[in-house]
Amino acid sequence: MRVNKNFKISLVASALVLLTIISCKTPDVAKRNENKNMPEQFATVQDTVNSAKISWKEYFNDTYLQALIDEALKNNQELNITMQEIEIAKNEIKARKGEYLPFVGLKAGAAVDKRARYTNIGAMEANTEIEEGKEMPEPLQDYNIGIVANWELDIWKKLRNGKKAAVNRYLSSVEGKNFMVTNLISEIANSYYELLALDNQLLIVNQNIEIQSNALEIVKVQKEAARVTELAVKKFEAEVFKTKSLQFEVQQKVVETENKINFLVGRFPQHVDRSTVAFNDILPNIVHAGIPSQLLKNRPDIRQAEFELEASKLDVKAARARFYPSIGITAGIGYQAFDPSYVFKPKSLLYSLAGDLVAPLINRNAIKASYNTANAKQIQAVYNYEQTILNSYVEVANQVSKISNLEKSYNLRAQQVEALTASISISNELFRSARADYMEVLLTQRDALESRFDLIETKMQQLNAMVNIYKALGGGWN
């Protein structure tokens, strides 16, 4: 497996650039020391090929694995829950947008009112004639219908900034979904390769049981010929029983891994179809890490943190605007009369227009607390952004190193397996000719089994590293 050697060299340069970017974007939150004098060797980029740009269907060429991932992207419950969170964030944008537009409504009402006779209003109504010779009705009814409106003039952009913050949180939720897709794909791929490894371990156990059973028969023949004691027979029997018990342990792990995949795919426990290719013959993909700055574009969690940071900056602006006066306008037009037959006559027409100016004066503690909270959340978002970037670089650097070391480790373990496999037949021949005791045969078989298990484990780690570097680079979601 091959990775871009320039990645580690470019790592320092990109980190310096990122700290400068963060400092420029949030000068009112946290000041950072800028280092604009980068060494010349960090300023040039030689290889921009990045495996994260490859779609997951091309990166994982196993058709069984592709089918599992495709089904998971449709049925995974956690992913579907996240999709609904995106819908919630989208509706929040609509709600915030509606706050700075005029509220217009249709109003209609009916009422009846009986005033006491010996009051000023009651006396006036008793002496008032609607028309000549027609007194005011008692009790007095009231009917009205009209249009009412109110509007807060967003001169300080308090409401608009709230809407922009909602937009950034919606975009953040979309990136959160993309990050979940990346994690889901990598988790299924790792579990799938673990399942293939367990299948091969089970095959090795079965082969070893056969070898040990044959050795046991040889020991029994040797005992009949009085060349070994009953102790040797019991030792070989115990080793066969131990290996058979290991067989059931591996089978249980197979069931659990299958059900883990079924859960991720969103279905009930069932058999998982998988490749029957020899596990050690699977070759990891060639990986191109590209340059570190590409993580800013590829990693959804970095972009998610960036949108959260932008939303927190807008929240601070909106909280600051609450200290300023708010201007509101209310208006209405309609008809009102004490009798339904008079409602739509010209003399029943009424309208109103009013404006008000309200500024916080005393007891502004709640506003101050909200403003301080918004500032604290903004600083928190800055640290979260920095932490996300740092974590992404650490993940890639670890996986790049792991790929290289595992490749060397696998080659050495393969040689170990070859040597120990050959030693099994040698120890059996020596035992038959009485040139080796039974403990040497047992230890040789045990070492060979462990070495083959270790080889499978190393191959699985290689494939997991291939998956994890793809995830760390930000691949899968696109």
Side-chain angles (χ1 to χ4, degrees), residues 2-26 32 34 36 38 42-60 69 73 79 82 86 89 164 167-186 189 285-313 381-400 403 465-478:
R2 176 166 59 86
V3 296
N4 183 8
K5 296 181 180 178
N6 297 319
F7 183 87
K8 295 180 180 178
I9 297 177
S10 303
L11 196 60
V12 177
S14 184
L16 294 173
V17 172
L18 287 170
L19 288 177
T20 303
I21 292 172
I22 295 170
S23 300
C24 295
K25 293 186 71 174
T26 57
R32 299 287 185 269
E34 297 184 12
K36 298 181 179 178
M38 289 191 299
F42 296 151
T44 58
V45 177
Q46 298 179 5
D47 187 3
T48 58
V49 179
N50 194 302
S51 295
K53 297 295 184 182
I54 304 173
S55 70
W56 61 265
K57 287 188 177 181
E58 296 178 15
Y59 193 78
F60 301 109
I69 294 174
L73 294 178
L79 184 59
T82 303
I86 292 176
K164 291 179 181 178
V167 171
N168 279 281
R169 289 198 167 89
Y170 164 73
L171 296 174
S172 174
S173 66
V174 173
E175 296 300 339
K177 185 269 295 183
N178 292 337
F179 188 55
M180 180 174 291
V181 168
T182 297
N183 288 334
L184 178 62
I185 290 173
S186 64
N285 295 341
I286 295 175
V287 177
H288 299 277
I291 57 176
S293 60
Q294 290 175 319
L295 289 178
L296 295 175
K297 296 181 180 179
N298 296 336
R299 292 266 303 211
D301 56 334
I302 293 179
R303 293 200 306 276
Q304 181 184 16
E306 185 177 354
F307 284 125
E308 287 291 342
L309 176 57
E310 189 63 29
S312 66
K313 290 170 59 179
V382 171
Y383 291 137
N384 180 61
Y385 183 54
E386 291 178 346
Q387 184 186 46
T388 304
I389 293 174
L390 179 61
N391 178 65
S392 66
Y393 285 131
V394 170
E395 286 182 358
V396 174
N398 286 344
Q399 295 305 320
V400 167
I403 288 171
M466 178 193 75
V467 174
N468 293 335
I469 188 67
Y470 185 61
K471 169 191 169 184
L473 291 171
W477 64 269
N478 55 354

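Numbering of residues begins at 1 and proceeds along the displayed sequence.
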Quick one: does any side-chain atom of Ser172 pair with a main-chain N or O of Asn168 as donor and acceptor, under 3.5 Å? no
Counting N and O atoms only, with roles assigned by atom type, does the side chain of Tyr470 sit under 3.5 Å from a partner on the main chain of Trp56, one being a donor and the other an acceptor? yes
OG of Ser392 to CD1 of Ile302: how many Å apart, nearest 0.5 Å? 3.5 Å
Any side-chain heavy-atom pair from Tyr385 and Leu390 closer than 4.5 angstrom? no
So how far is it from Gln387 CD to Asp301 CG, rounded to the nearest 0.5 Å? 10.5 Å
Tightest non-hydrogen contact, residues Leu79 and Leu73, listed as CD2-O, 3.7 Å
Electrostatic pair Lys53:Glu58 at N-O distance under 4.0 angstrom: no
Assess whether side chain to side chain contact (heavy atoms under 4.5 Å, CB included) is satisfied between Val287 and Tyr59, documenting all intermediate values. CA-CA 10 Å; Val287 177; Tyr59 193 78; 3.6 Å; yes
Can you tell if the side chain of Ser51 reaches within under 4.5 Å of the side chain of Ile469, non-hydrogen atoms only? no
Does Arg303 pair with Glu306 as a salt bridge, N-O distance under 4.0 Å? no
Would you mind writing out the side-chain donor-acceptor pairs for residues 471-478 within the sub-3.5 Å range, not counting sequence neighbours?
residue : atom : partner : partner atom : Å
Lys471  : NZ   : Asn183  : OD1          : 3.4
Trp477  : NE1  : Asn298  : O            : 2.9
Trp477  : NE1  : Gly474  : O            : 3.0

Would you say Tyr170 and Phe307 make side-chain contact, with heavy atoms under 4.5 Å? no
Met180 CE to Ile185 CD1 distance, which is reported to the nearest 0.5 Å: 12.5 Å
Hydrogens and angles aside, do Asn391 and Glu395 bring a side-chain donor and acceptor to less than 3.5 Å of each other? yes
Got Lys177 and Ile86 here, is their nearest side-chain heavy-atom distance under 4.5 Å? yes
Taking side chain to side chain contact (heavy atoms under 4.5 Å, CB included) as the criterion, tell me which of Arg299, Glu175, Arg169 meets it with Gln304. Glu175
